[in-house]
There are 2 protein chains.
Amino acid sequence: MAKKQKVQAGAGGLLEQLRVPAGPVDLTAYDPRATPGFAGAKDEGKLALETLGAGLSDWQERLFAEGRKGGERSILLVLQGMDTSGKGGVIRHGAGLMDPQGLKITSFKAPTPAEKRRGFLWRIRQAVPGHGMIGIFDRSHYEDVLIARVRNLVAPNVWDKRYDQINDFEAELTAAGVTILKCYLHISPEEQKIRLQARLDDPTKAWKYNPGDVDERRLWPDYMEAYHAALERCNTAAAPWYVIPSDRKWYRNWAVTTLLQETLTALNPEWPAADFDVAKEKKRLAAT
Amino acid sequence: MAKKQKVQAGAGGLLEQLRVPAGPVDLTAYDPRATPGFAGAKDEGKLALETLGAGLSDWQERLFAEGRKGGERSILLVLQGMDTSGKGGVIRHGAGLMDPQGLKITSFKAPTPAEKRRGFLWRIRQAVPGHGMIGIFDRSHYEDVLIARVRNLVAPNVWDKRYDQINDFEAELTAAGVTILKCYLHISPEEQKIRLQARLDDPTKAWKYNPGDVDERRLWPDYMEAYHAALERCNTAAAPWYVIPSDRKWYRNWAVTTLLQETLTALNPEWPAADFDVAKEKKRLAAT
C-alpha cells in the first residue's frame with residue numbers, strides 16, 4: 001500500500017503527464033532533476049522499477065503471442081538525448097526486465113556511405129520491429145535533424161525538409177500498427193560534466209569515453225535549438241514526444257519503463273485463442 | 001557458504017562435466033532428470049540462477065567493451081532440442097539476466113525459398129554475432145541434418161555431406177574469434193507429453209502449440225538417431241557438444257547459464273585501456 005502511493009501518476013497516467021504539449025517547446029522550462037509521477041526517493045524508485053518487471057514481461061509475452069498468430073501490432077521506443085543521458089542505461093535496466101526474444105534493439109551510429117546513398121530513412125526502415133515485437137532505437141532518424149543540422153552535414157534546405165518526411169514516415173508506421181514512443185532524455189550540462197568526468201576517472205568506464213564528446217558538449221546551445229525544432233515540428237498526434245527528466249538515473253529508468261508498461265496496457269493484447277481443434281489434439285497426443 | 005556447496009562442479013567446471021566425450025553417442029545413457037554439478041533442489045537452483053546474474057552481466061559488459069575497442073572475440077550459444085525442451089525458456093530466464101544490448105538472438109524457422117537457394121549455411125552466416133556480442137541460436141544449422149534428414153527434405157547424399165560442411169564452418173568461426181557453445185537440451189518423451197498437454201490445457205499457452213508437434217513426436221526414434229549422428233560427427237575440439245539434462249527446467253536454465261558464465265570467465269575479457277590522453281581530456285572537459 002505504502003509502495004503504491006509513491007506512484008502519483010494521474011488518471012491519464014505517466015503518458016499524459018510527460019507528453020509534450022503541442023506548440024513551441026522550451027526545454028529550459030523542464031527541470032532535469034524533477035520526478036513527475038513519483039513521490040519517493042532513489043531506493044523506492046529502484047524498487048518500483050523492479051516491481052514493474054513481472055507485469056511488463058507478461059504483457060510483452062501477450063503482444064509477442066498476438067504477433068505470432070496474425071496480429072500486426074508492435075511498439076517502437078525511440079530514445080534520444082545528449083551523450084551520457086542514459087539511452088543505454090534505460091535499455092539495460094528497463095528493457096532488461098523483459099524477455100530478450102521479444103526485443104529488437106538497434107543502435108544507430110554515423111551512417112555508412114552505403115546507407116547515405118539510400119536516403120536517411122532507409123536504414124531506419126530496416127530496423128522497424130516485426131509484429132508482436134518491441135523495437136528500441138538507441139538514437140534514430142532524429143540524428144538526421146540533430147547532428148546533421150548542428151554540424152552542417154547536409155544543406156539547410158535538406159534537413160529542413162526532413163521534419164515533414166519524418167512525420168510522414170511515422171504516420172505510415174502508426175497506420176501499419178506500430179505504436180511509437182519517442183523519449184527525449186533530458187539532462188543538464190552540469191550533470192553531463194559529472195558523468196563524463198566519471199568516465200575519465202573510472203578505468204571500467206573509459207571505453208565509453210570519446211574525445212569527440214567534449215566537442216559536442218561545446219555545441220550544447222546549438223543542440224538544444226535543434227531539439228526544440230524536432231520536439232515541436234515532429235510532435236504529432238500519431239507519434240508524440242515525451243520529455244523524461246534524466247539527471248536522476250533511477251527516475252529516468254522507472255519513467256521510461258512505466259511509459260512502456262502503460263503503452264502495453266493500453267494495447268491490451270489478449271492471449272490468442274487456439275486455431276486448432278483442442279479436443280482432437282488432446283486425443284492425438286494421448287495416443288502417442 | 002551453504003549456498004556455494006550446492007554447486008559441485010569439479011576443477012574443470014560444468015563445461016568439463018557436461019561435455020560429450022569423443023566417439024559414438026548414446027543419449028539413452030543420459031538421465032534427463034539428472035542434475036550434474038548441482039546438489040540442491042528446485043528452489044535452490046532458482047536462487048543459484050539469480051545469483052549468477054550480476055557476475056554474468058559484468059563479464060558480458062567486459063566482452064562488449066572489448067569488442068568496441070578492436071577486440072574480435074564473441075560467443076555463440078547454439079540451442080537444440082526436441083519441441084518443448086526449453087530453448088525459449090533458457091533465453092528468457094538465463095540470457096534474460098544479461099544486458100539485451102549485448103545479445104543477438106536468432107530464431108530459425110523453416111527456410112524460405114530465397115534462403116534455400118543460397119545454401120543452408122547462408123542464413124546462418126548472416127546471424128553470426130559481431131565482435132563483443134553473445135549470439136544465441138534458437139535452432140540452427142543443425143536442423144539441416146535433423147528435420148532435413150528425418151523428413152527426407154533433401155537426398156541422403158546431400159545431408160550426409162553437411163556434417164563435414166558444418167565442421168568446416170564452425171572451425172572457420174572459431175578461428176575468427178567465435179567461441180561456440182553447442183547445447184543439446186535433453187528431455188524424455190514422457191516429459192514432452194506433459195508439456196504438450198499443458199499447452200492444450202492452458203489458454204495462455206495454446207499459441208505455442210502446433211498440431212505438427214504431435215507428428216514430429218511420433219518420429220522420436222528417428223530424431224534420436226539423427227541427434228546421435230550430429231552429436232558424434234560434429235563433436236569437434238573447435239566446437240564440442242554439451243548435453244543438458246532438461247526434464248527439470250530449473251536445472252536446464254542454471255546449467256546453460258553456468259556454461260555461459262564459465263565461457264566468459266575463461267575468455268577473461270579486460271576493461272579496455274583508454275585510447276586517448278586522459279590528463280589532456282580532463283583539462284579539456286574542465287574548460288567547458
Side-chain angles (χ1 to χ4, degrees), chain A residues 57-58 61-62 64-66 68-69 87-88 91-93 95-105 107 136 138 189 192-193 196-197 199-211 213-215 217-218 220 270-282 284-288, chain B residues 57-58 61-62 64-66 68-69 87-88 91-93 95-105 107 136 138 189 192-193 196-197 199-211 213-215 217-218 220 270-282 284-288:
Chain A
S57 191
D58 187 64
E61 191 176 1
R62 285 170 185 248
F64 186 81
E66 179 189 279
R68 282 293 186 83
K69 292 294 172 182
K87 301 175 288 290
I91 300 174
R92 184 180 185 120
H93 299 286
L97 295 171
M98 293 185 280
D99 186 338
Q101 292 169 99
L103 303 177
K104 180 179 169 73
I105 300 167
S107 175
I136 303 178
D138 174 351
Q192 190 196 52
K193 193 170 190 172
L196 286 174
Q197 186 70 48
R199 292 181 181 181
L200 289 169
D201 291 338
D202 182 347
T204 75
K205 291 183 176 170
W207 65 278
K208 294 184 184 180
Y209 184 88
N210 184 318
D213 296 346
V214 171
D215 303 322
R217 175 174 166 74
R218 289 195 181 116
W220 195 281
E270 291 187 14
W271 294 111
D275 52 4
F276 49 84
D277 180 338
V278 176
K280 183 181 158 196
E281 290 304 318
K282 284 186 179 180
R284 290 179 69 226
L285 177 62
T288 63
Chain B
S57 190
D58 187 65
E61 191 176 3
R62 284 170 187 248
F64 186 81
E66 179 188 279
R68 281 294 187 84
K69 293 293 172 182
K87 301 176 286 293
I91 300 174
R92 184 180 184 121
H93 299 287
L97 296 171
M98 293 186 281
D99 186 338
Q101 292 170 100
L103 303 176
K104 181 180 168 76
I105 300 167
S107 175
I136 303 179
D138 174 351
Q192 190 196 50
K193 193 169 191 174
L196 287 174
Q197 187 69 47
R199 292 182 181 181
L200 290 169
D201 291 337
D202 182 347
T204 75
K205 289 182 177 170
W207 65 279
K208 294 184 185 179
Y209 184 89
N210 184 319
D213 296 347
V214 171
D215 304 320
R217 175 173 166 74
R218 288 194 181 120
W220 195 281
E270 292 188 12
W271 294 110
D275 52 4
F276 48 83
D277 181 337
V278 176
K280 183 181 158 198
E281 291 303 317
K282 285 188 180 179
R284 288 181 69 227
L285 178 61
T288 63

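So you know, we letter chains A, B, ... as the sequences are listed, proteins then strands, and number each from 1.
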- Item | salt bridge (Lys or Arg N to Asp or Glu O under 4.0 Å) partners for A:Lys282, two or more places apart | B:Asp201
- Interchain contact, A:Gln197 with chain B, by part (heavy-atom threshold 4.5 Å): both
- Can you tell me how far CZ of A:Arg62 sits from CH2 of B:Trp207, rounded to the nearest 0.5 angstrom? 12.0 Å
- Message: If I measure from the heavy atoms of chain A, does B:Arg284 come under 4.5 Å with its side chain, its backbone, both, or neither?
- Response: both
- Item | Interatomic spacing from CG in A:Leu103 to CD1 in B:Ile105 - rounded to 0.5 Å | 7.5 Å
- Option that, when pairs with chain B are counted at under 4.5 Å, heavy atom only, ranks first among A:Asp215, A:Thr204, A:Leu196, A:Val278: A:Thr204
- The interface call for A:Lys104 against chain B, heavy-atom contacts under 4.5 Å, is neither
- Value for CZ (B:Phe276) from CG (A:Asp213), rounded to nearest 0.5 Å, stands at 9.0 Å
- Among A:Ala287, A:Pro189, A:Gly102, A:Ser57, who wins on heavy-atom pairs under 4.5 Å with chain B? A:Ser57
- Note on the structure: Those residues at least two apart in sequence (or on a different chain) that pass side-chain hydrogen bond (donor to acceptor under 3.5 Å, both in side chains) with B:Asp99 are B:Gln101
- Query: Is chain B contacted by the side chain of A:Arg218, its backbone, both, or neither, given a heavy-atom distance below 4.5 Å?
  - Reply: side chain
- Note on the structure: Honestly, the part of A:Pro272 sitting under 4.5 Å from a heavy atom of chain B is both
- Task: Hey, could you give me the CG/OH distance between A:Leu285 and B:Tyr209, rounded to the nearest 0.5 Å?
- Result: 6.0 Å
- Closest heavy-atom pair and its distance - B:Pro100, A:Gly96: CD-CA, 3.8 Å
- Message: Need one label for B:Ala279: side chain, backbone, both or neither, based on atoms under 4.5 Å from any heavy atom in chain A.
- Response: neither
- Task: Under 4.5 Å heavy-atom distance to chain A, tell me which part of B:Pro211 shows up: side chain, backbone, both or neither.
- Result: both
- Message: Let me confirm one number: the CD-NZ distance from A:Glu61 to B:Lys205, rounded to the nearest 0.5 Å.
- Response: 9.5 Å
- Message: If I measure from the heavy atoms of chain B, does A:Lys193 come under 4.5 Å with its side chain, its backbone, both, or neither?
- Response: both
- Message: Measuring from atom CZ of B:Arg217 to atom OG1 of A:Thr288, what distance do you get when rounded to the nearest 0.5 angstrom?
- Response: 3.5 Å
